[in-house]
Amino acid sequence: MDTPALPKLEATSWNPVLEEEIRKIWESENDFVFQPNSNKKRNFVIDTPPPYPSGKPWHPGALTQYSQIDMVARSARMRNFNVLYPVGIDRNGLPVEIATERKYRIQLRKTPRDEFIALCKHALDDIEAYMLELLRRMGISGDFENRYRTDSEDYRKLTQWSFIELWNKGLVYIANRPNNYCTDCGTTIADAEIEYEELPTYLVTIRFKLKEGDEELLVATTRPELLEACQMVVVHPDDDRYKTIVGKDVVVPIFGREVPVVAHKSVDMAFGTGAVMICSYGDYHDVQLFREFRLKEIVAIDIDGKMTQSAGKYAGMVIKDARSQIIQDLQEQKIAVKVEQIQHRTPLCERSHTAIEIIPMEEFYLKQLEFLPKLRKLAKEMVFHPEIHRQILTNWMNSLTTDYPISRRRYYATEIPIWYCSKCSEPHLPKPGRYYRPWRDPAPFKKCKKCGNSKFVGETKTFDTWMDSSISALYVTKRLRNMKFFRATYPATIRTQGKDIVRTWLYYSLLRCYLLTGKTPFKHAWIGGLGQDAQGRAMRKSLGNFVDPEPLLQKYGTDNFRFWGASEANLGYDFRLSEDRIAGAGKFLTKLWNTARFIGSFPEPRSATLTQTDKWILAELNKLTSECIDGYEDFNMFVPSTKIREFLWNIFAAHYIEMVKGRAYGDTNSEADRDAARYTLHRVMRSILLLLAPIVPHVTDYVWRRLYGTTAIHLELFPKATGHKVAPSVTQTLIEFNMRVWKAKRDKGLALKEPIQVDVPRKLNPYLPDLVRMHHITS
RNA sequence: GGGCCCGUGGUCUAGUCUGGCUAUGACGCCGCCCUCACAUGGCGGAAAUCCCCGGUCCGAGUCCGGGCGGGCCCA
């Protein structure tokens, strides 16, 4: 052991090409499959978001988040947990339907349902393969082998089971409420499917007579054809023009109904005359006020986009014609005092580009308002990382005013498992535990339980996609498939997700799982920030600032990307994606590699009698270790990545290694001192590799296997704190002293290996031998 | 229109909850240096009215109030 062994690492930098080799080794070793309660370890269950195959390229910020979630999983393993880290793909919902309609130039309503579903499936499969490959390349240590899809029979079975349970508990009801409706596509659509455009329209100023007296109120509207459905006129409370009229009644022209004038701060005084008629339904403002004042709605437009019977002489006309006609009539009767053309922000269906109508539709609702107090209490018991993002959930719960509408008129989603009696319309729900498609399956009933009729009609509506997603915690813990497994793993340990879907995924999970199990679905909620572009704007394909992550991975390597993601994105805060900064983060990997290369050139003694210098760096390592573990326990990767970088670069390599280099090479003629240095170098190296392993798994595993063993680093546990303690100011004094000597040599034009005469502070006496050798200090 | 978050060298960032010595670190930049792990490196250096105004305090990047600016979400 006298002569140093050959370096175990040859190249002078880490080569990302090696990453693929290492992943192949991981795949063959298959370490990431969950074994509940094995080796008496405790379980750690991650309820991680199954990504939605929305297209290529994948959002680089989302990919960064998945790498951070992987760090949560890897660090939990090294904290001695059995980790259930599922891999799933979310395949339900609207985006694929829109993509399919565009791709094949077809319309959902005009395409046979099973044909349309097959086309969607095909599109999903394609993008899913791409996403899984990217996840694999990110080094995600999830259970790929047992991966799941939310559109599988197994998953939809669970969604339908959950609905039947809730129905049977009386928590679901059917109600008629206003919805966005596209008369062209013939379907309810979500807010997310609406786009806005400034379009020309007529602003008509209409004379409303007061019920009593001769006064008039001028009301401006872009929707005169909805006059028949007007139930109220509102003005702003600060509007001096109308102070005397508020509280009185006015008469709706043509239709003669009396409606009140009410003050409401939502009115824009500057628009039109400052007096607005509230009709069912011209826009969201109408919906809001109808709800707030509990007005009686008048259905003015039917689902074909025609005026209803309540429109009197206009009944049966399409909206556009009715509008022209009523404007003409109002002008002839001198009721319209002004008709002017304006540009108006109009909601359009993003598919057909026709104006959206708000029409009352019959939909399913899940009760939530009455459970909010209980949900608030449960939310309080959850631990948020970071704590500050608890606020997002709290705010959302405080803003809810209606129950949760759960039905959609779509195809690529889980079907609502109901059949209705063809005679008396009585709803019949099947036994839970199977996957039902009422739109094509025969009814699993013989006779109507109410009237005895034997014919049934299947429900055609589907669930909102969050009905599936919100029970992911039940799915991954095998609620319907393996109750023993479920009891051992539910509630999950942690939910990891982005802050943008707190009000949807997090909230609905809490609601649904509480209603189904009486418990929270998880104990910890990890809320990540969002990836933005280099200027700090959201990254959107439509903005043209979207960055394809694939070339970045190709160019810099996965570990480089992961280290950037860990060290630049603090837990919960948004982060900016910039290639320069990714490149910069990679320099650390070079430093890590070369430190390992140097230390790897020395044999590792089994034990040693440490010098003061060795004890000093071990004390610093001790501090680092506990800081890192604290960070990992908070699931905050920013802490370990930045702390380790600072330690490795600015303390360990710059000062300790320089101080003991001579000893390590054997320059002191003392085997004990030499071995102490070598022992300490390896001790620190091992700890750094272990502490970094969750963040940069490829390079650390490679180095670990080359230097310290044949088994994977992710099978090891984190190091324990060492117990060495040194006064904190010593490190500062040491660093300052070294810098002073370097500067002095520079000022005197001396090479670093030339001798110099300097005074060493008394405080540094314990380190004197190493300092003298390092700087060639003469007395 | 409502809510939340954030404003620290050219860029990113720590520190702000729990006020206290010359504000942390990195990227970039400039100069010198191939010193036997690393030039994808080392050393040194320049570079910040801690967004603005006011207040509390012996003392404010940190606490309070008001502005301005940016971002995200909801409507």
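Letters go in sequence order (proteins before strands), and every chain restarts at 1.
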Nearest to the side chain of A:Asn650, which nucleotide is it out of B:G25, B:C74, B:C4?
-> B:G25

Would you kindly give the CH2-to-P distance between A:Trp564 and B:C27, to the nearest whole Å?
-> 17 Å

Closest of B:G45, B:G3, B:C6 to the A:Lys743 side chain is B:G45

Given the C1' atoms of B:U24 and B:G69, what is the spacing between them in whole Å?
-> 26 Å

B:U11 versus B:G65 - spacing of their C1' atoms, nearest Å = 32 Å

Among B:G71, B:A26, B:A14, find the nucleotide with the atom closest to the side chain of A:Asn570.
-> B:A14

Hey, does A:Asp500 reach any base, or is it just sugar-phosphate, or nothing, if we go heavy atoms under 4.0 Å?
-> nothing

Using 4.0 Å as the upper bound for N to carboxylate O, is an ion pair formed by A:Asp464 and A:Arg408?
-> yes

Can you tell me how far C1' in B:C12 sits from the matching atom in B:G70, rounded to whole Å?
-> 16 Å

Exactly one of A:Trp505, A:Tyr508, A:Tyr52 clears side-chain contact (heavy atoms from CB on, under 4.5 Å) with A:Ser469, and that residue is A:Trp505

Write down the distance between CG (A:Leu571) and P (B:C5), rounded to a whole number of angstrom.
-> 15 Å

Would you please confirm or rule out a distance under 4.0 Å between OP1 or OP2 of B:C12 and any side-chain N or O of A:Arg581?
-> no

Quick one: which of B:C72, B:G25, B:G3 gets closest to the side chain of A:Asn395?
-> B:G3

Hey, does A:Ala596 reach any base, or is it just sugar-phosphate, or nothing, if we go heavy atoms under 4.0 Å?
-> nothing

Could you state the CH2-C1' distance from A:Trp649 to B:C43, rounded to the nearest angstrom?
-> 15 Å

Whole-angstrom distance between B:C68 and B:C53, as gauged at atom P = 15 Å

Taking the side chain as every heavy atom from C-beta outward, state whether A:His776 and A:Ile756 have any atom pair closer than 4.5 Å.
-> no

If you measure from the C1' atom in B:G44 to the same atom in B:U56, how many Å do you get, rounded?
-> 43 Å

Are A:Asp701 and A:Arg705 ion-paired here, with the side-chain N under 4.0 Å from a carboxylate O?
-> yes

Under 4.0 Å between any heavy atoms, over every strand shown, what does A:Gln288 touch: base, sugar-phosphate, or nothing? Just pick one.
-> nothing

Could you work out the separation of B:A47 and B:G67 based on their C1' atoms and round it to a whole Å?
-> 29 Å

Taking for A:Ser567 and for A:Lys661 the nucleotide of RNA chain B with the nearest heavy atom, the one nearer the 5' end belongs to A:Ser567

Pairwise C1' distance for B:U49 and B:G9, with rounding to whole Å = 12 Å

Do A:Arg597 and B:C38 have a side chain to base donor-acceptor pair shorter than 3.5 Å?
-> no

Can you find a side chain N or O atom of A:Lys591 that sits less than 4.0 Å from OP1 or OP2 on B:G42?
-> yes

Earlier contact from the 5' end, RNA chain B, for A:Leu752 and A:Thr590 | A:Leu752

Atom CG of A:Asp239 and atom OG1 of A:Thr273: how far apart are they, to the nearest 0.5 Å?
-> 9.0 Å

What interatomic distance, in whole Å, is found between C1' of B:C57 and the corresponding atom of B:A48?
-> 25 Å

Give A:Leu589 one of three labels, base, sugar-phosphate or nothing, depending on what nucleic acid heavy atoms sit under 4.0 Å from its own.
-> nothing

In whole angstrom, what separates A:Leu592's CG from B:U40's C1'?
-> 13 Å

What is the nucleic acid contact for A:Phe638, judged by heavy atoms within less than 4.0 Å: base, sugar-phosphate only, or nothing?
-> sugar-phosphate

Taking B:C27, B:G31, B:C38 as options, the one with an atom nearest any side-chain atom of A:Lys587 is B:C27

Look through every strand shown and name the nucleotide pairing with B:C50 as Watson-Crick or G-U wobble, where both distances are under 3.5 Å.
-> none

Counting side-chain heavy atoms from CB outward, which of B:G44, B:C4, B:G25 is closest to A:Gln391?
-> B:C4

A:Leu400 CG to B:A75 P: how many Å, rounded?
-> 11 Å

Verdict with reasoning, A:Trp704 to A:His682, per ring pair (Phe, Tyr, Trp, His ring centres under 6.0 Å) = CA-CA 11 Å; A:Trp704 183 262; A:His682 278 288; over 10 Å; no

Could you state the atom-to-atom distance from CD1 of A:Ile756 to P of B:U35 in whole Å?
-> 18 Å

A:Val684 side chain near A:Phe647 side chain, heavy-atom distance below 4.5 Å | yes

B:C6 phosphate, OP1 or OP2: any side-chain N/O from A:Tyr573 under 4.0 angstrom?
-> yes

Give the C-alpha distance, both sets of side-chain angles, the deciding distance and a yes or no for ring pair (Phe, Tyr, Trp, His ring centres under 6.0 Å) between A:Trp593 and A:Phe588.
-> CA-CA 8 Å; A:Trp593 174 266; A:Phe588 173 70; over 10 Å; no

Is A:Glu357 salt-bridged to A:Arg223, cutoff N-O under 4.0 Å?
-> yes

When the distance from CD1 of A:Ile392 to P of B:G2 is rounded to whole Å, what number comes out?
-> 20 Å

Using a heavy-atom cut-off of under 4.0 Å over every strand shown, decide if A:Glu658 touches base, sugar-phosphate, or nothing.
-> base

Shortest side-chain distance from A:Ile388, nucleotide among B:C43, B:C6, B:U35 = B:C6

Specify the separation, in whole Å, of atom CZ of A:Arg576 and atom P of B:G7.
-> 11 Å

Identity of whatever pairs with B:C4 - Watson-Crick or G-U, under 3.5 angstrom | B:G71

Whom does B:U40 pair with, Watson-Crick or G-U wobble, provided both distances fall under 3.5 Å?
-> none

Opposite nucleotide pairing with B:U24, Watson-Crick or G-U, both atom distances under 3.5 Å = none

Under a 3.5 Å limit for both distances, which nucleotide forms a Watson-Crick or G-U wobble pair with B:A14, could you say?
-> none

A:Lys753, nearest nucleotide to its side chain (from B:C4, B:C43, B:U35) = B:U35

